[in-house]
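Order of the sequence lines fixes the chain letters, A, B, ..., with proteins taken first and strands second; residue numbering starts at 1 for each chain.
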There are 2 protein chains.
Amino acid sequence: MTKTKTPSAVSPAAQPRAAARRVTSYDVAMLAGVSQSAVSRCFKPGASVSKSTYARVMKAAAGLDYIPNAAARSLITRRSNMVAVVISQMANLYYPEALAELSHQIARRGKRVLLFTMQHEADVGRLLADIWQYQVDGAIVAAALTEEQIGEFERRRLPLVVFNRNLRRADGVNSVLCDQYEAGRLLAGRLAAAGHRQFGIIAGPADSPVATERRHGATDRLRELGLPAPAMVTGQFDYASGTHGLREIIAQLGRVPDAVICGNDVMAIGCLDCARHELSLDVPGQLSVAGFDAVEPSNWLSYNLTTLRQPIGHMAQAAADLLAGLIDAREGETVTAQTRTFAPQFIDGATARLVALKPDSLAA
Amino acid sequence: MTKTKTPSAVSPAAQPRAAARRVTSYDVAMLAGVSQSAVSRCFKPGASVSKSTYARVMKAAAGLDYIPNAAARSLITRRSNMVAVVISQMANLYYPEALAELSHQIARRGKRVLLFTMQHEADVGRLLADIWQYQVDGAIVAAALTEEQIGEFERRRLPLVVFNRNLRRADGVNSVLCDQYEAGRLLAGRLAAAGHRQFGIIAGPADSPVATERRHGATDRLRELGLPAPAMVTGQFDYASGTHGLREIIAQLGRVPDAVICGNDVMAIGCLDCARHELSLDVPGQLSVAGFDAVEPSNWLSYNLTTLRQPIGHMAQAAADLLAGLIDAREGETVTAQTRTFAPQFIDGATARLVALKPDSLAA
DNA sequence: TTGTAGGCGTTATCAT
DNA sequence: ATGATAACGCCTACAA
């Protein structure tokens with residue numbers, strides 16, 4: 001299976017890792033015949049250097065492959081040009097898209113992403129100490145933070161943008177989010193309006209605030225409308241949770257529900273596939289299925305899923321904007337915290353019946 | 001659409017970003033009544049400190065929220081505990097999985113990922129200068145590097161592991177890869193053995209070495225077998241390329257080919273959906289479709305794609321292992337470059353006919 | 001075991 | 001415009 005080819009005879013280039021003394025600005029200064037500070041200035045954008053020195057220095061630098069040492073620079077400037085991005089569910093299909101966009105947006109502002117990943121969102125606490133260590137200029141966190149943890153960011157004056165987490169304590173904390181509770185309400189409402197009465201819900205994991213809000217939004221709306229309590233199961237945001245979830249809901253109810261609301265698209269796709277391919281149900285004829293996120297596969301022809309889109313590109317851009325603003329704010333300046341809320345967008349796919357079977361709307 | 005809620009009256013906590021003097025080891029030393037070096041030693045794993053001083057120092061540190069400054073440390077230790085990971089196609093579904101695994105493996109070795117993303121693989125050159133800047137301990141690069149670029153890593157003695165790129169110059173370069181050329185040959189061979197004669201190929205982008213190798217592997221094998229030249233189109237590794245690709249191939253040939261080999265799974269899925277839902281073709285009855293990677297959706301019930309899996313988890317682990325070894329090697333030590341090659345694994349899905357229609361094998 | 005002192009590579013301040 | 005010089009926060013001999 002694994003062919004470990006230790007190159008022995010074939011590959012001559014065994015690199016001797018000698019202690020290569022680093023090239024510093026002193027070396028460049030010496031070669032260029034100027035002072036070390038002159039070299040430093042040449043690498044600072046708006047500095048005052050004469051054309052001739054600049055040319056000599058740059059030529060020497062190029063000859064020596066000199067590049068300023070960011071660690072040393074950050075020591076004095078207090079700017080590392082690194083931004084921490086904390087993300088939990090890389091498997092989630094949704095987060096890679098967000099991360100790609102964040103990385104892009106952060107790069108164009110001259111900074112880089114220091115990536116912190118974790119298996120479970122609750123592990124975020126253990127990462128914090130590392131974040132402090134690395135002296136990042138700010139952090140974008142896509143995980144639930146406790147009040148205490150937020151407080152620590154404030155104490156350390158570390159600019160923070162919370163991504164897609166609706167925190168209990170909203171004030172004083174910058175965040176970019178999509179209104180998940182509203183999304184849940186909206187979806188439940190649309191389905192109920194079409195006459196669906198018995199719902200099933202395949203919710204996301206209990207430790208995910210996003211999952212919780214979507215679930216509450218849906219259940220609250222159903223209750224308001226006086227519909228029967230939905231059958232409820234919990235999943236892990238993955239495909240298998242969708243297939244198992246549907247079976248379990250059917251077992252709970254003793255029949256196929258009218259509609260299933262899934263905590264995200266991947267579970268909805270699992271649910272859909274189970275319904276069609278395992279249970280031979282007609283979707284949306286016998287059963288409506290809907291999800292959240294509008295990840296790429298939800299739009300594929302085999303699915304064409306009814307779902308709610310989060311404007312992920314805009315959200316990432318907003319997060320990067322917000323953070324950049326916080327970082328660039330002169331010290332001592334007062335910055336008021338913002339919450340940028342994006343509205344979810346209803347995607348009218350083909351997996352949910354959205355018109356009433358009998359036009360009982362005439363009776364109203 | 002975007003509701004920017006500037007909290008005005010509601011939110012009192014407008015944080016004044018005062019110049020918070022950082023807590024240093026001197027502060028801790030003062031509070032604990034010891035020297036600064038004592039504090040330093042307390043944060044170094046195998047140092048010699050008495051129990052009592054250690055306790056006092058740690059108590060003071062905790063009280064002040066002291067955390068060592070990694071930038072300052074790296075200045076003298078020459079270890080930043082950061083690893084650069086360079087990745088191009090985050091949209092590719094394959095790379096997020098790799099990145100998640102890499103991040104995990106690197107984290108468990110006490111290091112963090114500094115992420116470098118780019119739109120096109122050819123842009124890697126522009127990132128290099130940044131990599132040097134940040135003083136990373138090593139780099140894992142999932143992009144094609146020129147000889148010159150590799151040479152620059154060597155000159156700077158920066159440990160490098162090339163991920164999933166078969167370089168022309170293999171010696172002296174540490175790399176982890178899946179044999180893409182062989183994978184292409186294998187797939188073409190299996191399909192040909194089942195009697196498919198007229199092939200179509202939806203290849204990946206021309207600037208992707210992985211795409212090129214898969215394509216060459218397939219075309220070489222078909223030529224060896226004396227089969228007619230395949231219809232060839234180029235895609236961007238995305239879903240739309242798969243749907244367009246199939247139509248274009250049919251236009252080129254004037255008929256539906258026997259089989260289409262797609263440069264990756266996402267294009268294969270696009271091709272498959274187009275065949276089934278737009279052209280109403282029976283797959284694999286009238287047309288066989290296959291891809292590469294075995295990304296998660298390829299395994300979903302609606303697709304059950306015939307494909308070749310790359311053992312991505314193992315590859316990521318191997319890359320992290322390799323890099324860690326290079327970094328930990330004592331300076332001056334000679335390290336021989338390795339290439340760890342992983343074999344692709346054939347996934348016998350349901351989108352390709354793999355048995356001959358007429359048992360003409362009896363005739364042989 | 002502990003403290004003293006020098007240095008890591010840069011930027012910033014201040015003369016010149 | 002340029003060059004000394006003092007930080008930045010930490011690690012590490014070396015001496016005690």
Side-chain angles (χ1 to χ4, degrees), chain A residues 19-58 60-61 64-82 132-137 156-157 330-331, chain B residues 19-58 60-61 64-82 132-137 156 331:
Chain A
R21 202 178 67 71
R22 294 189 193 178
V23 178
T24 75
S25 52
Y26 276 97
D27 304 320
V28 177
M30 195 144 304
L31 182 59
V34 297
S35 77
Q36 183 273 334
S37 9
V39 176
S40 175
R41 276 191 286 264
C42 287
F43 284 90
K44 184 182 172 173
S48 76
V49 205
S50 75
K51 276 228 158 173
S52 68
T53 13
Y54 182 82
R56 281 222 309 290
V57 165
M58 282 323 204
L64 296 175
D65 282 331
Y66 169 75
I67 298 272
N69 181 324
R73 167 183 292 162
S74 80
L75 208 52
I76 184 101
T77 62
R78 281 136 183 271
R79 282 258 180 294
S80 63
N81 287 327
M82 296 190 299
W132 314 144
Q133 280 234 31
Y134 282 100
Q135 310 295 122
V136 295
D137 295 339
R156 296 177 186 274
R157 303 270 189 279
R330 295 284 310 131
E331 295 203 333
Chain B
R21 204 178 65 72
R22 294 189 194 178
V23 178
T24 75
S25 53
Y26 277 97
D27 303 321
V28 178
M30 196 145 300
L31 182 58
V34 297
S35 76
Q36 182 271 334
S37 42
V39 176
S40 174
R41 279 190 283 264
C42 287
F43 284 90
K44 182 181 174 172
S48 76
V49 206
S50 75
K51 276 230 155 173
S52 69
T53 16
Y54 182 82
R56 282 222 309 291
V57 166
M58 282 322 205
L64 295 174
D65 281 333
Y66 169 75
I67 298 273
N69 181 324
R73 167 184 291 164
S74 79
L75 209 51
I76 184 114
T77 63
R78 280 133 186 273
R79 281 261 181 291
S80 63
N81 287 328
M82 297 190 300
W132 314 143
Q133 279 234 30
Y134 281 100
Q135 310 295 122
V136 296
D137 295 339
R156 295 178 186 275
E331 294 202 335

Any idea which heavy atoms bring [X] and [Y] closest together, and the distance?
{"X": "B/Ser80", "Y": "B/Asp137", "value": "N-OD1, 2.8 Å"}
{"X": "A/Val34", "Y": "A/Val39", "value": "CG2-CG2, 4.0 Å"}
{"X": "B/Gly33", "Y": "B/Arg56", "value": "O-NH2, 3.9 Å"}
{"X": "B/Tyr134", "Y": "B/Met82", "value": "O-CE, 3.4 Å"}

May I ask you to say what [X] touches in the nucleic acid, namely base, sugar-phosphate or nothing, with a heavy-atom cut-off under 4.0 Å?
{"X": "A/Thr53", "answer": "sugar-phosphate"}
{"X": "A/Thr77", "answer": "sugar-phosphate"}
{"X": "B/Val39", "answer": "nothing"}

[N] [atom2] sits how many Å from [X] [atom1], rounded?
{"X": "A/Gln135", "N": "D/dC10", "atom1": "CD", "atom2": "P", "result": "8 Å"}
{"X": "B/Ile67", "N": "D/dG9", "atom1": "CD1", "atom2": "P", "result": "15 Å"}
{"X": "B/Phe43", "N": "D/dC11", "atom1": "CZ", "atom2": "C1'", "result": "14 Å"}
{"X": "B/Arg73", "N": "D/dC10", "atom1": "CZ", "atom2": "C1'", "result": "8 Å"}
{"X": "A/Lys44", "N": "D/dA1", "atom1": "NZ", "atom2": "C1'", "result": "15 Å"}
{"X": "B/Tyr66", "N": "D/dC10", "atom1": "OH", "atom2": "P", "result": "4 Å"}
{"X": "A/Arg79", "N": "D/dC8", "atom1": "CZ", "atom2": "C1'", "result": "15 Å"}

Next on the checklist: Within a 6.0 Å radius of atom CE on A/Met30, are there more than 12 heavy atoms belonging to other residues, nucleotides or ligands?
Outcome noted: no

Check the phosphate of [N] against [X], side-chain N and O only, distance under 4.0 Å to OP1 or OP2. Yes or no?
{"X": "B/Ser40", "N": "D/dG9", "answer": "no"}
{"X": "A/Lys51", "N": "D/dA1", "answer": "no"}
{"X": "A/Tyr54", "N": "D/dT2", "answer": "no"}

Close N/O contacts between protein and nucleotides 4-7 of chain D (under 3.5 Å):
residue	atom	partner	partner atom	Å
D/dA4	N7	A/Ser37	OG	3.4
D/dA4	N6	A/Ser37	OG	3.2

Quiz: residues 66-73 of chain A side-chain donor-acceptor pairs under 3.5 angstrom, not counting sequence neighbours:
residue	atom	partner	partner atom	Å
A/Asn69	OD1	A/Ala71	N	2.8
A/Asn69	OD1	A/Ala72	N	3.1

Item to check | Candidate list A/Gln135, A/Arg156, A/Arg157, test side chain to side chain contact (heavy atoms under 4.5 Å, CB included), partner B/Arg22, passing option | outcome: A/Gln135

Next on the checklist: Quick check: on DNA chain C, is the nucleotide nearest A/Thr24 upstream (toward 5') of the one nearest B/Gly33, or the reverse? Name the residue that is more 5'.
Outcome noted: B/Gly33

Checklist entry - Between which nucleotides of DNA chain C, 5' to 3', does chain B make heavy-atom contacts below 4.0 Å? => result C/dT1 to C/dG9

